[in-house]
Amino acid sequence: MHDTLFKYIEAKAGENLTDIEKNVITTAFNRKRMRKRQYFLHEGDICKYVGFIVKGSARMFSVDQKGNEHIMRFGLEGWWMSDQESFINLTPSPYYVEMLEDSELLVITYAGLLELKSKSRCFNTMLDVIYKFQTIAIQKRIGAAIGMSAEERYFDLSRTYPQFLERFPMNMIASYLGLSPETLSRVRKNVVHK
């Protein structure tokens, strides 16, 4: 299980982990198996772990006062899941993180993350790289939400994350795109007819 994480770190950092770094990483991360529909995080709880998804998938979402779900992000193999604000600031989370499939994760605490940053140059480089990519992804997501039509958002998602359309139900895709299921259905029909 840790080998998947080692390969990920090395690929993102562009360098190889030493045996000492591998041992430190193995010690810092704990294995966690979760069932489909099991929650990694509940609204109102403090996010105590960041999870690296080795196998499975997840979604991070909020529920508004009318009971409507709003999916903030999905997670697949090789992706990280947590509420970063809650994790770093130790504040109650407004989000749920639910596993969408039986999943295997490697989890780490904030203290463990800080320790790893000081003990592994390769891990620290990887963190810098993924934070940059996350910032870009967030900017693109906000830009799509405020500047793209429903059709453009769907097309952008199908081009950027085609695996979402294969792995997640359309009602969740609609929520992620900020659309009603009916609007998404209409958009998909229009795309097919073009």
Side-chain angles (χ1 to χ4, degrees), residues 1-14 29 31-41 47 49-62 68-84 95-108 126-127 129-194:
M1 215 170 158
H2 286 85
D3 286 341
T4 303
L5 179 59
F6 297 156
K7 289 175 187 170
Y8 175 90
I9 294 168
E10 290 175 341
K12 293 293 181 191
F29 280 89
R31 297 173 184 222
K32 187 170 184 74
R33 284 187 164 76
M34 300 189 74
R35 294 178 318 280
K36 181 179 180 177
R37 295 194 180 101
Q38 190 173 358
Y39 285 87
F40 181 76
L41 177 66
C47 185
Y49 301 96
V50 169
F52 177 77
I53 302 172
V54 176
K55 179 184 170 218
S57 63
R59 68 178 177 142
M60 180 172 151
F61 67 99
S62 63
N68 298 314
E69 294 180 359
H70 303 281
I71 297 177
M72 300 297 296
R73 61 183 300 245
F74 289 114
L76 297 168
E77 291 88 359
W79 291 29
W80 299 87
M81 286 302 288
S82 75
D83 173 357
Q84 284 292 298
Y95 303 109
Y96 296 90
V97 175
E98 178 188 27
M99 307 319 295
L100 297 175
E101 302 167 344
D102 289 343
S103 301
E104 296 176 10
L105 298 94
L106 290 169
V107 299
I108 188 169
M126 179 270 307
L127 280 180
V129 170
I130 64 171
Y131 286 148
K132 287 175 189 170
F133 282 118
Q134 282 179 342
T135 301
I136 292 166
I138 290 167
Q139 278 182 222
K140 286 184 175 182
R141 184 138 159 74
I142 293 169
I146 63 175
M148 288 185 179
S149 69
E151 204 166 274
E152 289 169 330
R153 277 183 270 166
Y154 179 77
F155 179 73
D156 184 58
L157 178 71
S158 66
R159 192 184 55 221
T160 308
Y161 301 113
Q163 64 273 41
F164 285 8
L165 303 177
E166 298 165 8
R167 301 268 298 264
F168 306 124
M170 283 302 121
N171 65 318
M172 288 187 187
I173 297 294
S175 173
Y176 179 80
L177 292 173
L179 306 173
S180 70
E182 297 78 20
T183 300
L184 179 58
S185 179
R186 183 176 38 80
V187 165
R188 292 180 73 220
K189 284 179 189 170
N190 289 343
V191 169
V192 169
H193 288 101
K194 284 189 177 183

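When all heavy atoms of Ile53 and Leu76 are compared, the pair lying nearest together is CB-O, 3.5 Å. Minimum interatomic distance between Ser103 and Gly56 (heavy atoms only, all atoms of both residues): OG-CA, 3.4 Å.
A distance of 10.0 Å separates NE2 in His70 from CE in Met72, rounded to the nearest 0.5 Å. Atom CG in Asn68 sits 11.0 Å away from atom OG in Ser180 (nearest 0.5 Å). Note: Glu152 CD to Leu157 CG = 13.5 Å, rounded to the nearest 0.5 Å. From Leu127, atom CG reaches atom CD1 of Ile9 across 8.5 Å, with rounding to the nearest 0.5 Å. Taking CZ of Phe52 as the reference point, atom CD of Glu77 lies at 9.5 Å (rounded to 0.5 Å).
With salt bridges taken as basic N to acidic carboxylate O contacts below 4.0 Å, none links Glu151 and Arg188.
Not a single donor-acceptor pair under 3.5 Å links the side chain of Thr4 to the backbone N or O of His2. Glu10 contributes no side-chain N or O that, together with a main-chain N or O of Lys7, makes up a donor-acceptor pair within less than 3.5 Å. Remark: the backbone N or O of Phe61 is not paired with any side-chain donor or acceptor of Arg73 at under 3.5 angstrom. Looking at Ser175, its side chain does come within 3.5 Å of a backbone N or O of Ile71 through a donor-acceptor pair. Side chain of Glu98 to main chain of Phe40: no donor-acceptor pair is present (N/O by atom type, distance under 3.5 Å, no hydrogens or angles). The main-chain N or O of Tyr131 is found under 3.5 Å from a side-chain atom of Thr135 such that the two form a donor-acceptor pair. In this structure, Ser158 contributes its side chain and Phe155 its backbone to a donor-acceptor pair below 3.5 Å. For the pair Asp102 (side chain) and Lys36 (backbone), a donor-acceptor distance under 3.5 Å is present. A side-chain donor-acceptor contact under 3.5 Å links Gln38 to the backbone of Arg35.
Of the listed residues (Met99, Lys55, Arg31, Arg33), just one forms a side-chain contact (heavy atoms from CB on, under 4.5 Å) with Leu105, and that residue is Met99.
Two residues are said to be in side-chain contact when any heavy atoms from C-beta on lie closer than 4.5 Å; Phe29 and Val107 fail this criterion. Using a 4.5 Å heavy-atom cutoff, the side chains of Phe74 and Arg167 are not in contact. Looking at Tyr96 and Met60, their side chains never come closer than 4.5 Å, going by heavy atoms from C-beta outward. Between Ser57 and Trp79, the closest side-chain pair of non-hydrogen atoms is not below 4.5 Å. Phe168 places a side-chain heavy atom less than 4.5 Å from the side chain of Leu100.
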*asked:* I'd like to know whether Val97 forms a side-chain contact (heavy atoms from CB on, under 4.5 Å) with Tyr39, so could you lay out the CA-CA distance, the side-chain angles of the two residues, the decisive distance to 0.1 Å, and finally the verdict.
replied: CA-CA 6 Å; Val97 175; Tyr39 285 87; over 6 Å; no
*asked:* Show, in sequence, the C-alpha distance, side-chain angles and deciding distance for Gln84 and Ser82, and conclude whether the side chain to side chain donor-acceptor pair (under 3.5 Å) test is met.
replied: CA-CA 6 Å; Gln84 284 292 298; Ser82 75; 2.8 Å; yes
_Please evaluate residues Arg153 and Asp156 with respect to the criterion salt bridge (charged side-chain N to carboxylate O under 4.0 Å, His left out), reporting the C-alpha separation (whole Å), side-chain torsions for both, the decisive distance (0.1 Å), and the verdict._
CA-CA 5 Å; Arg153 277 183 270 166; Asp156 184 58; over 6 Å; no
*Can you check side-chain contact (heavy atoms from CB on, under 4.5 Å) on Ile173 and Phe164, steps first, answer last?*
CA-CA 8 Å; Ile173 297 294; Phe164 285 8; 3.9 Å; yes
*asked:* Set out, in order, the CA-CA distance, both residues' side-chain angles and the distance that settles side-chain contact (heavy atoms from CB on, under 4.5 Å) for Leu184 and Met170, then state yes or no.
replied: CA-CA 8 Å; Leu184 179 58; Met170 283 302 121; 4.0 Å; yes
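Checking Tyr8 against Trp80 by side-chain atom types alone, a donor-acceptor pair falls below 3.5 Å.
Remark: Lys12 is positioned above the aromatic ring of Phe133, its terminal NZ or CZ atom under 6.0 angstrom from the ring centre and at most 45 degrees off the axis. Taking the ring axis of Tyr176 as reference, the NZ or CZ atom of Arg59 does not stay both within 45° of it and closer than 6.0 Å to the ring centre.
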